[in-house]
*Asks:* 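First the structure, then my questions, so here it is.
Just so we're on the same page: letters track the sequence lines, and every chain starts at 1. Just so you know, these numbers use all the heavy atoms, side chains as well, and skip hydrogens, waters and symmetry mates. A quick note: this is a predicted structure, and the numbers were derived from the prediction, not measured.
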Protein chains: 2
Amino acid sequence: MQKYEELLVSLRKVTRAIGLYSKKLSKESGLTSPQLIVLKEIAQHNGCMVKDIAQSINLSSATVTSILDRLEARNYVIRERSLTDKRRVGLHLTEQGKTVIENAPRPLQAHFIDRFEKLQEWEQTQLVSTMQRIASMMDAEDIDAAPLLEVGTLYDVTQSE
Amino acid sequence: MQKYEELLVSLRKVTRAIGLYSKKLSKESGLTSPQLIVLKEIAQHNGCMVKDIAQSINLSSATVTSILDRLEARNYVIRERSLTDKRRVGLHLTEQGKTVIENAPRPLQAHFIDRFEKLQEWEQTQLVSTMQRIASMMDAEDIDAAPLLEVGTLYDVTQSE
DNA sequence: AAAAAATAGTTAGTATACGAATTATTAGAT
DNA sequence: ATCTAATAATTCGTATACTAACTATTTTTT
């Protein structure tokens with residue numbers, strides 16, 4: 001097996017592990033990982049837009065919309081059209097949504113996080129920079145389509161109401 | 001942002017890049033990455049079973065079945081029930097399937113592979129082992145559910161006809 | 001001010017991807 | 001020999017995830 005094939009197999013294993021963990025979460029807590037991540041994002045940035053969430057967690061708006069549909073149907077989230085700019089939709093947690101967040105398990109790979117945090121500082125850094133390197137190698141010509149994002153700097157300015 | 005969050009963001013970027021590349025491939029060549037990977041697997045192991053493919057490329061049988069449905073509908077693959085063990089289905093390429101394979105682009109991340117192969121030997125090794133390490137850290141209790149597989153040793157014994 | 005361009009979100013259509021349940025068949029236990 | 005286990009593949013239901021097309025609105029250009 002070629003080296004890059006080994007790498008891709010490992011990658012496939014990782015993404016599969018993430019997916020399986022999400023399914024498991026869903027059975028136990030009723031929420032998948034992407035749903036939890038979206039909820040947490042809204043919790044941190046109350047009133048934020050769909051687009052903001054999509055960018056900060058690296059998903060398309062369409063995907064976020066469909067996740068929101070489910071969260072809204074279950075009464076965890078409220079969509080509120082902005083009055084000043086009616087294109088925008090502000091996202092808010094319901095009381096139920098807040099409760100669910102508080103009791104929810106970590107959104108992904110709890111075991112992974114545990115293990116990761118037990119590593120030496122330099123090892124952590126090394127894993128992160130290797131992943132970032134692989135990500136940048138994958139980018140190729142899609143670079144412009146996936147603008148670098150500084151998570152955390154997106155929400156300083158209020159964007160609805 | 002925590003270190004492990006950065007790592008997960010990179011990971012999400014990588015999986016997204018893979019997905020986007022697959023979509024692009026699909027538009028250009030008519031086949032997605034998973035479809036191409038399955039085709040190549042069959043090309044290498046003519047007559048192999050659904051389960052073998054699922055294991056060697058790290059997918060569930062259900063997923064492989066649905067990929068095969070599309071490949072069969074397009075006349076790239078033939079399913080042939082084994083006579084000696086009627087549970088088994090042997091997979092074969094049609095002439096069209098063989099042609100398509102020959103002219104097909106690399107199944108994933110061509111740019112990635114290019115770049116990867118330009119790296120120094122030790123750098124390649126480092127990327128691979130880091131990915132493998134992350135994969136094993138993700139495994140946790142799913143280890144038994146994902147038995148280690150030695151790709152290439154699965155097909156020595158003929159299993160159909 | 002009217003036309004064109006940009007933006008936000010949704011919808012439609014398709015393809016992964018999974019577990020659980022189902023069907024058919026084979027292998028193993030009593 | 002028969003009843004039970006295990007195995008192989010499929011079907012079913014659900015959730016991601018994407019692009020392209022669409023609607024509604026706002027901004028920019030002319």
Side-chain angles (χ1 to χ4, degrees), chain A residues 12-13 15-28 30-38 48-55 57-74 79-91 108 142 145-146 159-160, chain B residues 12-13 15-28 30-38 48-55 57-74 79-91 108 142 145-146 159-160:
Chain A
R12 170 69 205 133
K13 282 185 184 168
T15 57
R16 189 179 200 193
I18 292 173
L20 294 179
Y21 181 71
S22 173
K23 290 256 154 58
K24 195 181 141 207
L25 256 194
S26 175
K27 270 208 305 191
E28 287 170 7
L31 290 171
T32 64
S33 298
Q35 287 167 1
L36 259 175
I37 291 169
V38 168
C48 68
M49 297 162 57
V50 173
K51 202 193 72 170
D52 295 332
I53 295 198
Q55 279 183 357
I57 65 178
N58 254 276
L59 292 173
S60 73
S61 288
T63 301
V64 174
T65 291
S66 86
I67 291 171
L68 285 172
D69 288 343
R70 264 160 245 125
L71 292 175
E72 200 180 28
R74 295 222 233 150
R79 283 194 249 223
E80 206 167 47
R81 209 105 217 174
S82 160
L83 297 178
T84 60
D85 184 343
K86 289 177 208 150
R87 291 170 304 185
R88 295 177 173 206
V89 167
L91 301 171
L108 35 146
D142 295 314
Q159 57 278 93
S160 66
Chain B
R12 169 71 204 131
K13 283 185 184 169
T15 56
R16 189 180 201 192
I18 291 174
L20 295 180
Y21 181 70
S22 172
K23 291 256 154 58
K24 195 181 141 206
L25 255 193
S26 174
K27 271 209 303 191
E28 287 170 7
L31 289 171
T32 65
S33 298
Q35 287 167 0
L36 260 175
I37 292 169
V38 167
C48 67
M49 295 162 57
V50 173
K51 202 194 72 171
D52 296 331
I53 294 198
Q55 280 183 356
I57 64 177
N58 255 276
L59 293 172
S60 73
S61 288
T63 300
V64 174
T65 291
S66 85
I67 292 171
L68 285 172
D69 288 344
R70 265 160 244 125
L71 293 175
E72 199 180 28
R74 295 222 233 149
R79 284 194 247 223
E80 207 167 48
R81 208 104 215 173
S82 161
L83 297 178
T84 59
D85 184 343
K86 289 178 209 151
R87 291 170 304 184
R88 296 179 171 203
V89 167
L91 301 170
L108 37 145
D142 295 313
Q159 59 276 90
S160 66

*Asks:* If we call it a pair only when both distances are under 3.5 Å in a Watson-Crick or G-U wobble match, what pairs with D/dT26?
*Replies:*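 Paired with D/dT26, as far as the under-3.5 Å criterion goes, is C/dA5.
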*Asks:* Looking at CZ of A/Arg81 and CZ of A/Arg87, how far apart are the two atoms once the value is rounded to the nearest 0.5 Å?
*Replies:*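 So the CZ of A/Arg81 and the CZ of A/Arg87 are separated by 10.5 Å.
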*Asks:* Is the backbone of B/Ser61 close enough, under 3.5 Å, to the side chain of B/Thr65 for a donor and an acceptor to pair up by distance?
*Replies:* yes
*Asks:* Counting heavy atoms from C-beta on, name the nucleotide in D/dA20, D/dA24, D/dA17 closest to the side chain of A/Arg87.
*Replies:* D/dA24
*Asks:* Are B/Asp69 and B/Arg79 close enough for a salt bridge, meaning some N to O gap below 4.0 Å?
*Replies:* yes
*Asks:* Quick check on D/dT16: is either OP1 or OP2 less than 4.0 Å from any side-chain nitrogen or oxygen of A/Thr63?
*Replies:* no
*Asks:* Tell me what B/Arg79 touches on the nucleic acid: a base, only sugar-phosphate, or nothing, going by heavy atoms under 4.0 Å.
*Replies:* sugar-phosphate
*Asks:* Just label D/dA5 as syn or anti from its O4'-C1'-N9-C4 or O4'-C1'-N1-C2 angle, using within 90° of 0 for syn.
*Replies:* syn
*Asks:* Across all strands shown, which nucleotide pairs with D/dA5 by Watson-Crick or G-U wobble geometry, both distances under 3.5 Å?
*Replies:* none
*Asks:* Give, for atom NZ of A/Lys13 and atom CG of A/Leu20, the distance between the pair rounded to the nearest 0.5 Å.
*Replies:*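 A/Lys13 NZ to A/Leu20 CG: 13.0 Å, rounded to 0.5 Å.
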*Asks:* How long is the line joining CZ of B/Arg81 and P of D/dA9, in whole Å?
*Replies:*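 Interatomic distance, CZ of B/Arg81 to P of D/dA9: 7 Å.
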*Asks:* Quick one: is A/Thr65 getting a side-chain N or O under 4.0 Å of the C/dT10 phosphate, OP1 or OP2?
*Replies:* yes
*Asks:* Can you measure B/Leu71 atom CG to C/dT14 atom P for me and round it to whole angstrom units?
*Replies:* 17 Å
*Asks:* Of the candidate nucleotides C/dT16, C/dT26, C/dG9, which contains the atom at the shortest distance from the side chain of B/Pro34?
*Replies:*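 Nearest listed nucleotide: C/dT16.
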*Asks:* For a quick test of reading the model: is some side-chain N or O of B/Ser60 closer than 4.0 Å to OP1 or OP2 of C/dA17?
*Replies:*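 For C/dA17, OP1/OP2 do not have a side-chain N/O of B/Ser60 under 4.0 Å.
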*Asks:* Can you figure out which of C/dT10, D/dT25, D/dT19 approaches the side chain of B/Leu20 most closely?
*Replies:*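 Shortest atom-to-atom distance from the side chain points to D/dT19.
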*Asks:* What I'd like to find out is whether the side chain of B/Leu91 reaches to under 4.5 Å of the side chain of B/Val38, using heavy atoms alone.
*Replies:* no
*Asks:* Mind calculating the distance between CG (B/Asp69) and P (C/dT14) to the nearest angstrom?
*Replies:* 15 Å
*Asks:* Hey, is the side chain of A/Arg88 poking within less than 4.0 Å of OP1 or OP2 on D/dT25, counting only N and O atoms?
*Replies:* no
*Asks:* Tell me the interatomic distance from A/Ile67, atom CD1, to C/dT11, atom P, rounded to whole angstroms.
*Replies:* 15 Å
*Asks:* Locate the shortest heavy-atom distance separating B/Ile57 from A/Arg12; write the atom from each residue and the value.
*Replies:* O-CG, 3.7 Å
*Asks:* Is B/Arg70 close enough to C/dT16 that one of its side-chain N or O atoms is under 4.0 Å from OP1 or OP2 there?
*Replies:*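 For C/dT16, OP1/OP2 do have a side-chain N/O of B/Arg70 under 4.0 Å.
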*Asks:* By nearest heavy atom, map B/Leu59 and A/Leu68 onto DNA chain C; which one lands nearer the 5' end?
*Replies:*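 Nearest nucleotide further toward 5': that of A/Leu68.
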*Asks:* Roughly how many Å is it from CZ in A/Arg74 to P in D/dT14, rounded to a whole number?
*Replies:*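 Value for this atom pair: 12 Å.
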*Asks:* Starting at atom NZ of A/Lys27, determine the distance to atom P of D/dG13, rounded to an integer number of angstrom.
*Replies:*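 So the NZ-P distance, A/Lys27 to D/dG13, works out to 19 Å.
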*Asks:* May I ask you to verify if any side-chain N or O of B/Lys23 is less than 4.0 angstrom from the OP1 or OP2 atom of D/dC18?
*Replies:*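 Answer no for this pair, as no side-chain N or O of B/Lys23 is under 4.0 Å from OP1 or OP2.
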*Asks:* Which comes earlier along DNA chain D counting from the 5' end, the contact point of B/Ala62 or that of A/Lys86, where each point is its nearest nucleotide?
*Replies:* B/Ala62
*Asks:* Is the phosphate of D/dA17, meaning OP1 or OP2, less than 4.0 Å from a side-chain N or O of B/Arg16?
*Replies:*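 For D/dA17, OP1/OP2 do not have a side-chain N/O of B/Arg16 under 4.0 Å.
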*Asks:* What integer distance in Å separates A/Glu80:CD from C/dG9:P?
*Replies:* 14 Å
*Asks:* So, is A/Thr32 close to the D/dT16 phosphate, meaning a side-chain N or O under 4.0 Å from OP1 or OP2?
*Replies:* yes
*Asks:* Take atom OH of B/Tyr21 and atom P of C/dA15, then tell me their distance rounded to the nearest Å.
*Replies:*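 Going from OH in B/Tyr21 over to P in C/dA15 covers 19 Å.
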